[in-house]
Structures are given as C-alpha cells and as structure tokens.
Amino acid sequence: IRMEQNLWELRENCRMEEMLCKKREELRAQRKQLEEKMLELSVQYSRETQDVKELEGLTMTSLLSSLSGTKQKNLEKERREAKEAALRLEEAKKVLEQVEKELQSVDLEVRQLRGSKEKYETALKEKAAQMEAAGIRTGFSELEEKLGNLETESIEVTDVLQLGNALRWQLHRIMEILQSARNWGRVDLIGGGSTSSALKRERMEETRKALAELDVILGYFRKKFRETPVVSKISYEEWDDDLFAADFLLDGFVIDALVQVDIVDCQAEMERLYEQTERICKSLRQKADGIQAEKESLQKKWLKYMETIG
C-alpha cells in the first residue's frame, strides 16, 4: 500500500512538473514578446520627446513653427503624444514585471519538482522487480535488454560521428590553407616576386602536413564506418614532389601555372570529400536521433503498461 501511495504521489508530481514546464515556456514566449514591445515603445517615446525638445529649443523646427504661427499648437500636440507614449511604455513595463514575477514563481516550483520523472521511473522499476520475483511478467527484463542494445548502438554511432566531425574540421582547415596558396599563386602568376613565391610554397608545405594528418583520420574513420568508404584521391606522400621542386628551382610562368592547376585540383578533391563527409555526418545524426526517439518510445510504452497492470 505504501509503495502504491508513493507511486501515485510521484505520478502526480510528474504531471505537475510537465504542466509547469509548459506554462514556463508560455511565459518565456510572452516575456520575449513584451520585451520586443518595450523596445518598440521606448524608441517611440524617445522619438516623441525629441520632437518636444526640438520645438522647445532653438532649432530649425522651432523657428519654422514660430514663423508659420503653429508652434504652440504643434508643441501641445507633441507633448500630448509624448505623454501618451510614456503611459504606454509604463503600462507595458508593469505587464512585463508581472510576467517576470510569475515566471520566477513557476521556475521555483519546477526546481522543487525537478527529477520527479526519474524518481517515478525508478519506483516503477522497483515495483516491476518485485512483481517479476513473484512470477508476474512485466516486460522489464525485455525492456532493459532492448535499451542496452540501443545504448550500445548509440555509443557506436556517437564514436563514428565524432570522427566524422574531426574529419570535417580537418578538411575545412586544408581548404583554407589551399585557398591561401591559390591566392598567392595568382599573385605569382602575374610576377609577384620572391615574397609571393615563398608564401605560396609555405602554404603548400602546410597543406602537405595537413594531408598527412588527414590520412590518419581517414584511416580511423574507415575502420569505424564501412558503409560508405571515404577515400582521398590525393596522397600526401605523392602530392607532386617533382613539380614543387621544379617550382623552387626553375621558377617561371609555366611551372607556376602547373603548380596552380595542382592546387586547384587538390582543393576540388577536398571539397568533394567534405561534401561526402557532411552527408555521412548528417545521416549519422539522424540515426542517433532515431535511436534516442526509439529509447524514449520504449520507455514510455512500458511505463504506460506498468500503470495499467499496477
């Protein structure tokens, strides 16, 4: 009886927490709208008070109004509009303060009920264990097995996704270095001199080192993810050593142009790999979301079932 009473109280706390969380989101949305309205009204009030100051002071607006004989009429109108704007701003401020106060109160209640769902689920599992021990099937063992399998799958997907993100970051880095090399290569082609040549070769050497790091990451990624092999057509060990040596020893327009072609080709290959990796990572994220949704669905169904047989 005590366990049933405890379960009933925990279930009510869950429902209350869910209701309060929903109310909190509504209040947050209301607060955002009011803050936007406050900003709009503040701008309007500032504009109206500025109009009053221009008519009261020694300004061109004041002078023209005086000459036309409408200064006093315009001043009364602007003062009235400024007063109305001030009242609207004050009213919005009071409503915002009221919403803030209510939101703080709801926030406090949510914090007091935090963890109700976890406590309720734990209590139900304890009840299920007792029922299983008494020979009453609850499906708890099957649930734990399914959740365990899904958790293992989730860990595997997360590991591959982390490698995929590392691969994306490395490819992006290489593309940035290559873009810099390409830019200096363009300068080199129009006779940029020794400085542009040196900077281009420096970027090319940075690219070679980054390609070596990419090769390592690709190796790990292919071991973890075999569904769609990600293979680079460019090897850091063979990335035109002879051509780059010629660029250093026989610097000239033809060699510069050939080097530029190689840089552009390498850039295109990195972009291809990046797009392929991005598609794979998107698929992995969807898979991870699907696993999480399946876990939540299984738990929800089991909890409803336990409430029915309880």
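Note that the coordinates shown come from a computational prediction; the quantities given were computed from them, not determined experimentally.
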J.: Look up atom CG in Leu27 and atom CD in Glu100, then write down how far apart they are to the nearest 0.5 Å.
T.: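 Going from the CG atom of Leu27 to the CD atom of Glu100 covers 9.5 Å.
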J.: In this structure, are over 12 heavy atoms from other groups packed under 6.0 Å from Met38 atom CE?
T.: yes
J.: The test is salt bridge (charged side-chain N to carboxylate O under 4.0 Å, His left out); show your working for Glu25 and Arg28 and say whether it passes.
T.: CA-CA 5 Å; Glu25 291 307 309; Arg28 284 175 176 172; 3.1 Å; yes
J.: Is there a side-chain contact between Glu213 and Arg173 in this structure, where contact means two heavy atoms from C-beta onward sitting under 4.5 Å apart?
T.: yes
J.: Which atoms form the tightest heavy-atom contact between Gln299 and Leu143, and what is the distance?
T.: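 Heavy atoms only, the tightest pair is N-CD1, 4.3 Å.
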J.: Is there a side-chain contact between Leu150 and Leu298, using heavy atoms and a 4.5 Å cut-off?
T.: yes
J.: Report, as yes or no, whether the 6.0 Å neighbourhood of atom CD on Glu91 holds more than 12 heavy atoms from other residues, nucleotides or ligands.
T.: no
J.: Answer yes if the side chains of Arg182 and Gln260 hold a donor-acceptor pair under 3.5 Å, and no otherwise.
T.: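 Note: Arg182 and Gln260 side chains miss the donor-acceptor criterion.
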J.: If two hydrophobic side chains count as joined below 4.5 Å and joins carry through other members, does Leu199 share a cluster with Ile177?
T.: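 No, Leu199 and Ile177 fall in different hydrophobic clusters.
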J.: Checking Glu18 against Arg15 for the salt bridge (charged side-chain N to carboxylate O under 4.0 Å, His left out) test, could you report, in this order, the C-alpha distance in whole Å, the side-chain angles of both residues, the deciding distance, and whether it holds?
T.: CA-CA 5 Å; Glu18 186 178 344; Arg15 288 173 181 167; over 6 Å; no
J.: For the residue pair Arg88 and Leu41, what are the closest heavy atoms and their distance?
T.: O-CD1, 3.6 Å
J.: Taking the side chain as every heavy atom from C-beta outward, state whether Gln30 and Glu26 have any atom pair closer than 4.5 Å.
T.: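 Counting from C-beta outward, Gln30 and Glu26 never come under 4.5 Å.
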J.: I'd like to know if the side chain of Asn183 and the backbone of Gln179 have a donor-acceptor N/O pair within less than 3.5 Å.
T.: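 Looks like yes, one N/O pair under 3.5 Å.
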J.: Determine whether Leu161 and Cys281 make a side-chain contact, defined as any pair of heavy atoms from C-beta on separated by less than 4.5 Å.
T.: yes
J.: To the nearest 0.5 Å, how far apart are CD1 in Ile174 and SG in Cys266?
T.: 7.0 Å
J.: Could you tell me whether a side-chain N or O of Trp302 sits under 3.5 Å from a main-chain N or O of Thr138, the two making a donor and an acceptor?
T.: yes
J.: Hey, is OH on Tyr45 packed in by over 12 heavy atoms from elsewhere, all under 6.0 Å?
T.: no
J.: Could you walk me through whether Phe221 and Val160 pass side-chain contact (heavy atoms from CB on, under 4.5 Å), step by step?
T.: CA-CA 7 Å; Phe221 189 73; Val160 180; 3.9 Å; yes
J.: Tell me whether Tyr274 shares a hydrophobic cluster with Ile217, the cluster being built from Ile, Leu, Val, Met, Phe, Trp, Tyr side chains joined at under 4.5 Å.
T.: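 Yes: a chain of side-chain contacts under 4.5 Å links Tyr274 to Ile217.
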J.: Quick check: are there more than 12 heavy atoms from other residues, nucleotides or ligands sitting under 6.0 Å from NZ of Lys125?
T.: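 Enclosed.
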J.: Might you point out which heavy atoms bring Ser116 and Glu17 nearest each other, and give the distance in Å?
T.: CB-OE1, 3.4 Å
J.: Can Lys287 and Glu153 be said to form a side-chain contact (heavy atoms from CB on, under 4.5 Å), step by step?
T.: CA-CA 10 Å; Lys287 190 172 183 179; Glu153 189 178 356; 3.5 Å; yes
J.: Would you say NZ of Lys117 has more than 12 non-hydrogen atoms from neighbouring residues, nucleotides or ligands within 6.0 angstrom?
T.: no
J.: Where do Met204 and Leu178 land on the side-chain contact (heavy atoms from CB on, under 4.5 Å) test, with the steps shown first?
T.: CA-CA 7 Å; Met204 286 155 55; Leu178 283 167; over 6 Å; no
J.: Start with the C-alpha gap between Gln276 and Ile280, add the side-chain angles, then the distance that decides, and say whether side-chain contact (heavy atoms from CB on, under 4.5 Å) holds.
T.: CA-CA 6 Å; Gln276 184 184 4; Ile280 291 170; 4.3 Å; yes
J.: From Leu20 CG over to Asn13 CG, what is the distance, rounded to the nearest 0.5 angstrom?
T.: 10.5 Å
J.: Would the distance check show the side chain of Thr152 and the main-chain N or O of Gly148 forming a donor-acceptor pair, the cut-off being under 3.5 Å?
T.: yes
J.: Taking atom CD of Glu81 and atom CD of Glu48, what is their separation to the nearest 0.5 Å?
T.: 4.5 Å
J.: How many angstroms lie between atom CG of Asn149 and atom OG of Ser154, to the nearest 0.5 angstrom?
T.: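 Here the rounded value is 12.5 Å.
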J.: Are the side chains of Glu36 and Lys32 in touch, meaning some heavy atoms are under 4.5 Å apart?
T.: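 Sidechains of Lys32 and Glu36: in contact.
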J.: Please check: side-chain N/O of Ser297 versus main-chain N/O of Ala293, any donor-acceptor pairing under 3.5 Å?
T.: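 Such a contact is absent between Ser297 side chain and Ala293 backbone.
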J.: Which is it for Lys146 and Glu294 under the salt bridge (charged side-chain N to carboxylate O under 4.0 Å, His left out) test, yes or no, and what are the steps along the way?
T.: CA-CA 10 Å; Lys146 288 177 182 177; Glu294 189 175 352; over 6 Å; no
J.: For the hydrophobic clusters of this structure (ILVMFWY residues joined by side-chain heavy atoms under 4.5 Å, transitively), does one cluster hold both Leu218 and Leu211?
T.: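 Yes, same cluster.
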J.: What distance do Gln104 atom CD and Glu109 atom CD have between them, rounded to the nearest 0.5 Å?
T.: 13.0 Å
J.: Quick one, Asn165 and Arg168 - any side-chain contact, counting heavy atoms below 4.5 Å?
T.: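 Sidechains of Arg168 and Asn165: in contact.
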J.: Run Arg137 and Glu142 through salt bridge (charged side-chain N to carboxylate O under 4.0 Å, His left out) and show every step you take.
T.: CA-CA 10 Å; Arg137 292 185 61 79; Glu142 291 84 349; 2.3 Å; yes
J.: Tell me whether Gln98 at atom CD has more than 12 heavy atoms from other residues, nucleotides or ligands lying less than 6.0 Å away.
T.: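 Incorrect, the count does not exceed 12.
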J.: What I want to check is whether the side chains of Arg203 and Ser180 have a donor and an acceptor closer together than 3.5 Å.
T.: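 Yes, Ser180 and Arg203 have a side-chain donor paired with an acceptor closer than 3.5 Å.
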J.: Heavy-atom distance under 4.5 Å between the side chains of Leu167 and Leu163, does that happen here?
T.: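 No, every pair of side-chain atoms sits at 4.5 Å or beyond.
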J.: Does Gln170 reach the main-chain N or O of Ala210 with its side chain, forming a donor-acceptor pair under 3.5 Å?
T.: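 Yes, Gln170 side chain to Ala210 backbone: donor-acceptor pair under 3.5 Å.
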